[in-house]
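Following: one structure in C-alpha cells, then a few remarks.
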Amino acid sequence: MKEKRYVMGDTAIARGALEAGVRVVAGYPGTPATEIVEECLGVPGVHVEWANNEKVAFELCTGASLCHVRAMPVMKHNGTNVVTDFLMHVNFTGIRGGLVLISADDPGGLSSQNEEDTRILVHQYAHLPVFDPCSPQEAKAMVKEAFDLSEKTELVFCLRPVTRVCHARGIIEFEDLPKELPAAHYEPDRERFIMSGVEVPKFGGLKRPQIRHRWLNEKQPLLQEIMEESPYNWIEKGKGKVGLVGCGMGYTLIKEAEQCLDQKLPLLKLGTLPLPRKKVREFVKSLEKVVIYEETEPFVEGLFKKIFHEEKIEVEVLGRSGFVPSDGELNLQMVLETIQKAAPGVKVNQPEVPTLDIHIPIRTRTQCVGCNYRGILNALKQTVRKYKGIVAGDIGCHDAGSFRPIELQSTIYCMGSSVPMASGMALAGINRPVFAFIGDSTFYHNGILGLMNAATNKINVNVILGENTVTAMTGFQPHPGTGVTLAGEKTTKVDVPKLAQSMGISYRVVNPYDIKQCREALEAAVKEEGPSLIVSSMPCYLLSTRRGQKVFEPREVVLNPERCNGCMICINDFGCPAISFNKQEKKVSIDPMICVGCALCVDVCKRGAIL
C-alpha cells in the first residue's frame with residue numbers, strides 16, 4: 001500500500017533501492033551516506049552489512065551481482081577513492097544483476113577532510129554512467145531506474161548525491177516492496193570475469209584487457225541514447241540571451257534564485273552523465289552565453305566547451321573554472337551574484353539577511369565530555385613535549401587533538417595514513433621519536449597494512465591504537481573489533497594484542513582513564529627499538545552511557561580557586577569543554593552542568609587546584 005512520508009534524502013535512496021529489489025547492501029560509515037545503509041536494515045531477504053572498508057563492500061556487492069542478484073555498495077567520496085582499483089576492472093567486465101554504486105560527495109568538506117567531485121572519477125576515468133539528483137524525490141526515482149538500466153547495459157550505474165540531497169528532507173511516496181525476487185544463479189564466464197593479460201585467439205591474439213576496454217567503449221553509444229531520453233534532463237523556457245544550466249543540486253539553487261529575479265531566464269536541468277548532447281544543442285540555439293552551476297569541479301562546463309568546439313557553436317560558457325567560485329559549496333548568494341554579473345539587464349532582488357547583534361564564536365573540534373581519548377592524548381602530549389616527538393594523526397574522534405587547544409597531531413590525511421607516514425618520518429633520520437595515532441575502526445579499514453609494514457621492516461615507530469570498540473564519529477556503527485554485526489548478531493571480535501603478537505610487535509594495553517599508566521607505557525615504548533603498539537582500550541563513553549553502562553566511577557570534581565594560578569595547563573593540555581578560563585579573574589572554572597565526573601583533570605593539574 002502506498003503512503004507518503006517526510007524523510008531524509010538518505011532514507012529516500014534506501015527506499016528506492018529496496019523497492020527496486022536490492023538484496024545485498026554493503027558500505028563503510030561516512031557522512032553524508034551513512035544512513036543509506038542503516039535504512040536498508042530489517043527487510044526480510046536483504047543482507048545489510050558494514051564492511052571493513054569500501055573496497056571490500058564494492059567487491060562483495062559485485063560478487064552478488066555476478067549471481068544475478070541486485071546489490072548496492074554505499075560510500076562517501078573518500079571511499080570511492082579507495083575502490084578505484086576495483087572500479088577500473090569491473091567497468092571492463094561489466095555485471096549481471098543490477099549494481100548501483102552510491103558515491104555521496106560533500107562539497108565544501110562539511111564533514112570530510114577534503115572536497116572532491118567523484119563524477120570525474122566514475123564517468124571520465126571509468127567511463128561509467130552517473131545520475132546527479134537535485135532532490136530526495138529525484139534521488140529515489142533515479143536509484144530505482146539505475147538498477148533497471150544497470151541490468152540493461154550490464155554496467156555499474158552510479159548515483160552521486162551531495163550532502164544537501166542526502167540530508168535534505170522531502171515528502172517521499174513509499175511503494176510496496178517486491179514480494180518475489182528471482183533466485184540467485186551463477187554461470188561461469190572466464191573470458192569475461194578473469195581479468196588477465198592473456199592473448200585471445202579469436203580476437204587475433206589481442207590481450208584480454210584491450211578486448212574488455214573495447215567492449216566498454218562500444219557501450220557508450222547506448223548510454224548516450226539512454227540519457228538523451230532520460231526524464232532527468234529537461235529545458236525550461238525563458239527570456240533573454242543568457243541561459244542557466246543546473247546540474248543536480250545546482251538546479252535546485254537556480255529554482256530558489258528565480259524567486260529573486262524579475263524575469264525567468266532559459267534553464268537547462270541536467271541530471272545525467274553522459275550529457276544529452278541533442279538537448280544541449282537545442283537549448284543553446286538562440287543563446288549567446290550559458291552559466292553552469294555544478295558541484296564542485298567545472299566538469300560539465302568542460303564537456304560543454306568540448307561539444308561547442310566540435311560542433312562549432314559560438315556560445316560563451318561560464319562556470320566553476322573561475323566565473324563561479326572554483327571551490328566550496330554552491331549557495332543562493334553565489335548563484336544570485338553570478339546571474340547578475342552574467343546578465344546585467346536582469347534585476348536581482350537580493351534577499352534581506354538580518355544582522356545579529358551578538359557575537360557567535362566559531363566552534364572548535366573537540367571530543368565529548370568524558371571521552372577516553374582525552375586521557376591518552378594528554379599523556380601523549382606530555383611524552384611528545386618531553387622527547388620532542390612528532391605525531392602523525394588519522395581519521396576519527398581522536399583527530400580533534402590536532403586542533404586548539406591540544407594541537408598534538410601534526411598530520412591528518414586519509415584513512416590509515418598515520419602509520420605509514422610516521423614510518424616515513426622515522427626513516428628520514430630526524431632523530432626524534434615518531435608516533436602514529438589511529439582509531440580502531442580506521443585500523444581495520446586500512447591501518448593494519450601500515451602496522452604490518454612497520455613490523456616487517458623493523459621501523460622505529462610508536463603506534464597508539466584508540467580502541468573504543470565502535471565507529472563512534474559517524475554514529476556508533478560496529479566494526480570487526482565490536483563483536484556484533486550491523487544486525488546485532490554476535491560475531492568474532494578481533495583481538496588486537498594477538499594480532500600484534502603475530503607480527504612480532506611489542507605491545508601494551510592501557511586504560512585511557514589512567515593517565516599515569518598511559519605515560520609509563522609511552523615512555524617505555526619510546527626507549528625501545530623497532531615498532532611498538534599501545535592499545536588504549538575502553539568502550540566509547542557516550543555510547544556506554546546511553547546503554548546504562550559505566551566506563552569509570554563518576555565523582556564530583558571541584559576547583560579550589562585559591563590554589564589555581566591561571567596557568568591554563570588544564571585547558572591547553574587537556575581541552576575539556578567543562579573547563580573554562582575567566583580572563584578577569586585569571587582563573588579556571590568547572591561547569592557542573594557539563595562535567596561528567598571522569599576526574600581526569602585531577603591528574604592534569606599539578607598544583608592540586610582540581611579536587
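For clarity, every value in this text was computed on a predicted model and none was experimentally measured.
In terms of modelled atom types and a separation under 3.5 Å, the side chain of Thr485 and the main chain of Ala487 share a donor-acceptor contact. Looking at Asp603, its side chain never comes within 3.5 Å of a backbone N or O of Ile515 through a donor-acceptor pair. Judged by distance alone, with hydrogens and angles left aside, the side-chain atoms of Ser423 form no donor-acceptor pair with the main-chain N or O of Ala454 at under 3.5 Å. The closest donor-acceptor contact from the side chain of Asn565 to the backbone of Cys567 lies under 3.5 Å. With Lys207 contributing its side chain and Gly197 its backbone, the two residues share a donor-acceptor pair below 3.5 Å. Using modelled atom types, no side-chain atom of Lys606 and backbone atom of Ile569 make a donor-acceptor pair closer than 3.5 Å. Formation of a donor-acceptor pair under 3.5 Å by the Thr482 side chain with backbone atoms of Thr469 is found in this model. A side-chain donor-acceptor contact under 3.5 Å links Glu115 to the backbone of Gly328. Side-chain N or O atoms of Asn372 include none that pairs as donor or acceptor with a backbone N or O of Pro512 at under 3.5 Å. Using modelled atom types, one side-chain atom of His123 and one backbone atom of Leu128 make a donor-acceptor pair closer than 3.5 Å.
Judged purely by distance below 3.5 Å, without hydrogens or angles, the side chains of Asp440 and His479 pair a donor atom with an acceptor atom. Using modelled atom types and a 3.5 Å distance limit, the side chains of Ser103 and Arg119 yield no donor-acceptor pair.
Separation of atoms NE2 (His398) and CD (Gln409) is listed at 7.5 Å; rounding is to 0.5 Å. For the atom pair Leu542 CG and Asn468 CG, the distance stands at 11.0 Å (nearest 0.5 Å). Ile390 contributes atom CD1, which lies 3.5 Å from atom CD1 of Ile430 (distance to the nearest 0.5 angstrom). To the nearest 0.5 angstrom, Ile464 atom CD1 is 11.5 Å from Arg508 atom CZ. Distance check: Cys576 SG to Ile571 CD1 gives 10.0 Å after rounding to the nearest 0.5 Å. With values rounded to the nearest 0.5 angstrom, Glu116 atom CD is found 6.5 Å from Asp105 atom CG.
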Start with the C-alpha distance between Glu467 and Ser537, add both sets of side-chain angles, then the distance that settles side-chain hydrogen bond (donor to acceptor under 3.5 Å, both in side chains), and finish with yes or no.
CA-CA 5 Å; Glu467 187 181 50; Ser537 184; 2.7 Å; yes
Passes side-chain contact (heavy atoms from CB on, under 4.5 Å), Leu611 versus Arg563? Steps please.
CA-CA 11 Å; Leu611 307 170; Arg563 293 197 62 83; over 6 Å; no
Set out, in order, the CA-CA distance, both residues' side-chain angles and the distance that settles salt bridge (Lys or Arg N to Asp or Glu O under 4.0 Å) for Asp117 and Arg320, then state yes or no.
CA-CA 12 Å; Asp117 189 337; Arg320 299 205 74 165; over 6 Å; no
Take Val122 and Thr80, measure what side-chain contact (heavy atoms from CB on, under 4.5 Å) needs, and give me the verdict at the end.
CA-CA 9 Å; Val122 177; Thr80 310; 4.3 Å; yes
Step by step, work out the salt bridge (Lys or Arg N to Asp or Glu O under 4.0 Å) result for Glu520 and Lys516.
CA-CA 6 Å; Glu520 290 172 351; Lys516 182 175 180 292; 2.7 Å; yes
Please step through side-chain contact (heavy atoms from CB on, under 4.5 Å) for the pair Phe437 and Leu377, ending with a clear verdict.
CA-CA 9 Å; Phe437 202 122; Leu377 286 170; 3.7 Å; yes
With salt bridge (Lys or Arg N to Asp or Glu O under 4.0 Å) as the test, would you mind laying out the steps for Arg164 and Glu295 before giving the verdict?
CA-CA 11 Å; Arg164 298 299 177 186; Glu295 299 280 25; over 6 Å; no
Run Asp399 and Gln113 through side-chain hydrogen bond (donor to acceptor under 3.5 Å, both in side chains) and show every step you take.
CA-CA 11 Å; Asp399 69 13; Gln113 63 269 35; over 6 Å; no
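Within the 4.5 Å cutoff, side-chain heavy atoms of Leu522 are placed close to those of Phe435. By the 4.5 Å heavy-atom criterion applied to side chains, Ile412 and Ile395 are counted as neighbours. Side-chain contact check for Leu600 versus Phe552: every heavy-atom pair is 4.5 Å or farther apart. Considering only heavy atoms from C-beta on, Val82 comes within 4.5 Å of His445 through its side chain. Contact of the Trp50 side chain with the Thr471 side chain is not registered, since no non-hydrogen atoms from C-beta on lie closer than 4.5 Å. By the 4.5 Å heavy-atom criterion applied to side chains, Val602 and Arg555 are counted as neighbours.
Around OH of Tyr387, the count of heavy atoms belonging to other residues, nucleotides or ligands within 6.0 Å exceeds 12.
Considering every non-hydrogen atom in both Ala26 and Leu60, the closest pair reads CB-CD2, 4.2 Å. Looking at every heavy atom in both residues, Thr474 comes nearest to Pro29 through OG1-CB, 3.1 Å. Counting all heavy atoms, side chain and backbone alike, Asp106 lies closest to Leu110 at OD2-N, 3.1 Å. Among all heavy-atom pairs drawn from Asn462 and Ser532, the shortest one is OD1-OG, 2.9 Å. In this structure, Tyr513 and Cys598 approach most closely via the heavy-atom pair CE2-CB, 4.3 Å. Considering every non-hydrogen atom in both Val509 and Pro497, the closest pair reads CG2-CG, 3.9 Å.
The side chain to side chain contact (heavy atoms under 4.5 Å, CB included) test with Pro73 singles out one residue from Tyr28, Phe58, Phe86, and that residue is Phe58. Checking each of Thr456, Ile448, Asn453 against Met503 for a side chain to side chain contact (heavy atoms under 4.5 Å, CB included) leaves exactly one that passes, namely Ile448.
By the 4.0 Å N-to-carboxylate-O rule, Lys55 lies close enough to Glu59 to be salt-bridged with it.
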